[in-house]
There are 2 protein chains.
Amino acid sequence: MIDPFAADLLRGHTDTIVLGVLRVRDRYGFEIYKQIRDATGGDHEIKEATLYAAYRRLVKDGLVEAYWGDESQGGRRKYYRITDAGRAVYRRNVDAWVATRRTIDSLLDLKGS
Amino acid sequence: MIDPFAADLLRGHTDTIVLGVLRVRDRYGFEIYKQIRDATGGDHEIKEATLYAAYRRLVKDGLVEAYWGDESQGGRRKYYRITDAGRAVYRRNVDAWVATRRTIDSLLDLKGS
DNA sequence: GTCAGGTACTTGATCAGATACAGTAGTTGG
DNA sequence: CCAACTACTGTATCTGATCAAGTACCTGAC
């Protein structure tokens, strides 16, 4: 962790990040968790509980569909599939992120004006 | 407002943004509010209540000092001055923001891996 | 063969930042 | 005079993130 503020800095982006992962292909919950953890080199872990809450929210909103894998042996895995609505929201949120990034950049650079 | 997610997208950056404004010179509360509102062209307003809560937090943490202006006439204005501790935290938070920006960029670009 | 540690999912309680809402008070412009 | 704006404050509420704990299964080391 770079610093303890990381949680709130990522706040609001969780759903979009999950949609971004699912955009490529279906994945099960823990797999998404590991991928995010590994992709950031441990700098910005998103906690399991946070992600599972996000999955529920995304399913409830119809942005993602859930189904149980058919692992005949081994532990159960719940897979998630992004919907068309989810893809639309993803694109919208990426645009919002780009705008937010620009806004914060400019606010942190405020000269006396 | 670009979209209703903006609030959570800025979340966690409020304190840093305020410190960034005060880094240049002392300002009173409402002035900071107006400057942020205007600087973003209305895209990302930070609500008054949010900012005044941030001022209290910053003062409590010793990152900012408050003092009443001496407007002999006209409404009262409470000014804020950044402390050395505040400047240090500001630099630290800007670094954190740069790291977070990179993290989110990479997470939103995750290819199947 | 058992025990630690990893995989995998879930739930309930709690925290903190952001906001809604309401209020106080002085100022300015038509 | 009165609406709109400046300027600050307090309280209650919402929500996403986290903590803490638990269930259950599997694998590898000893």
Side-chain angles (χ1 to χ4, degrees), chain A residues 1 3-19 26-38 44-61 63-64 66-80 93 100 103-104, chain B residues 1 3-19 26-38 44-61 63-64 66-80 93 100 103-104:
Chain A
M1 278 298 198
D3 77 63
F5 297 98
D8 265 333
L9 296 187
L10 283 184
R11 193 187 182 104
H13 300 290
T14 305
D15 291 10
T16 307
I17 290 169
V18 170
L19 289 175
D26 294 6
R27 289 182 190 274
Y28 59 92
F30 203 70
E31 189 181 12
I32 298 170
Y33 163 73
K34 282 185 299 184
Q35 180 163 4
I36 293 172
R37 187 191 56 192
D38 297 346
H44 291 279
E45 183 189 19
I46 299 182
K47 297 293 186 298
E48 279 183 78
T50 302
L51 286 171
Y52 284 106
Y55 304 154
R56 279 199 296 277
R57 196 164 49 233
L58 290 167
V59 168
K60 181 174 70 63
D61 293 344
L63 307 184
V64 152
Y67 59 95
W68 287 103
D70 59 352
E71 284 76 28
S72 41
Q73 76 277 29
R76 60 185 183 159
R77 291 173 169 174
K78 190 187 269 187
Y79 284 82
Y80 296 97
N93 286 4
T100 300
T103 296
I104 296 178
Chain B
M1 278 299 199
D3 78 62
F5 296 99
D8 264 334
L9 296 188
L10 282 184
R11 193 187 181 104
H13 301 290
T14 306
D15 291 9
T16 307
I17 289 168
V18 171
L19 290 175
D26 294 7
R27 288 181 190 276
Y28 60 92
F30 203 70
E31 190 182 11
I32 298 171
Y33 164 73
K34 283 185 298 184
Q35 180 163 5
I36 293 171
R37 187 190 57 193
D38 297 345
H44 292 280
E45 183 189 19
I46 300 182
K47 299 291 185 298
E48 278 182 78
T50 302
L51 286 173
Y52 284 107
Y55 304 154
R56 280 196 295 276
R57 195 163 50 233
L58 290 168
V59 169
K60 181 174 70 61
D61 294 344
L63 307 185
V64 152
Y67 59 96
W68 287 104
D70 60 352
E71 285 75 28
S72 42
Q73 77 277 31
R76 59 182 183 163
R77 290 172 170 175
K78 191 188 270 188
Y79 285 82
Y80 298 96
N93 286 5
T100 301
T103 296
I104 296 177

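Annotation: side chain to side chain donor-acceptor pair (under 3.5 Å) contacts of A:T50 (sequence neighbours excluded): none. Shown here are the salt bridge (charged side-chain N to carboxylate O under 4.0 Å, His left out) partners of A:R56, two or more places apart in sequence or in another chain: there are none. Considering only residues two or more places apart in sequence or on other chains, B:Y52 meets the ring pair (Phe, Tyr, Trp, His ring centres under 6.0 Å) condition with B:Y55. A:D61 is linked by a salt bridge (charged side-chain N to carboxylate O under 4.0 Å, His left out) to nothing, counting only residues two or more places apart in sequence or in another chain. Take B:E31 and apply the salt bridge (charged side-chain N to carboxylate O under 4.0 Å, His left out) test, not counting sequence neighbours, and it matches B:R25, B:R27. Partners of B:A49 according to the side chain to side chain contact (heavy atoms under 4.5 Å, CB included) rule, which considers only residues two or more places apart in sequence or in another chain, do not exist here. Under the ring pair (Phe, Tyr, Trp, His ring centres under 6.0 Å) criterion, B:Y79 pairs with B:Y28, B:Y67, not counting sequence neighbours.
Nearest heavy-atom pair across B:L9 and A:G12 is CD2-O, 3.6 Å.
Rounded to whole angstrom, the span from the CD atom of A:E48 across to the C1' atom of D:dA21 amounts to 12 Å. In this structure, the CH2 atom of A:W68 is 12 Å from the P atom of D:dC25, given to the nearest Å. As rounded to whole Å, 12 Å separates atom C1' of C:dA8 from atom CD of A:E31. To the nearest angstrom, P of D:dT6 lies 16 Å from CD1 of B:I32. Computed from coordinates, the A:I17 CD1 to D:dG16 P distance equals 15 Å when rounded to whole Å. One interatomic measurement links the two molecules: NZ of A:K47 to C1' of C:dT10, which rounds to 18 Å at whole-angstrom precision. Atom-to-atom, CZ of B:R56 to P of C:dA18 comes out at 12 Å; the value is rounded to the nearest Å. In this structure, the NZ atom of B:K60 is 12 Å from the C1' atom of C:dG17, given to the nearest Å.
Side-chain contact between A:L51 and A:I36: present, with at least one pair of heavy atoms (C-beta onward) separated by less than 4.5 Å.
For D:dT9, neither phosphate oxygen OP1 nor OP2 lies less than 4.0 angstrom from any side-chain nitrogen or oxygen of B:Y52. Look at A:T50 and you'll find a side-chain N or O under 4.0 angstrom from OP1 or OP2 of D:dT18. Between B:T14 and the phosphate of C:dG17, there is no side-chain N or O to OP1/OP2 separation shorter than 4.0 Å.
When distances are taken from the side chain of B:R57 to each of C:dG17, D:dA17, C:dT11, the shortest belongs to C:dG17. Picking from D:dT18, D:dG16, D:dT9 the nucleotide with the shortest atom distance to the side chain of A:R11 gives D:dG16.
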Using atom names, set out every protein N or O paired with an N or O of nucleotides 5-7 of chain C below 3.5 Å, distance rounded to 0.1 Å.
none

I'd like a table of atom pairs between the protein and nucleotides 21-25 of chain C - only N or O on both sides, under 3.5 Å - with the distance next to each one.
none

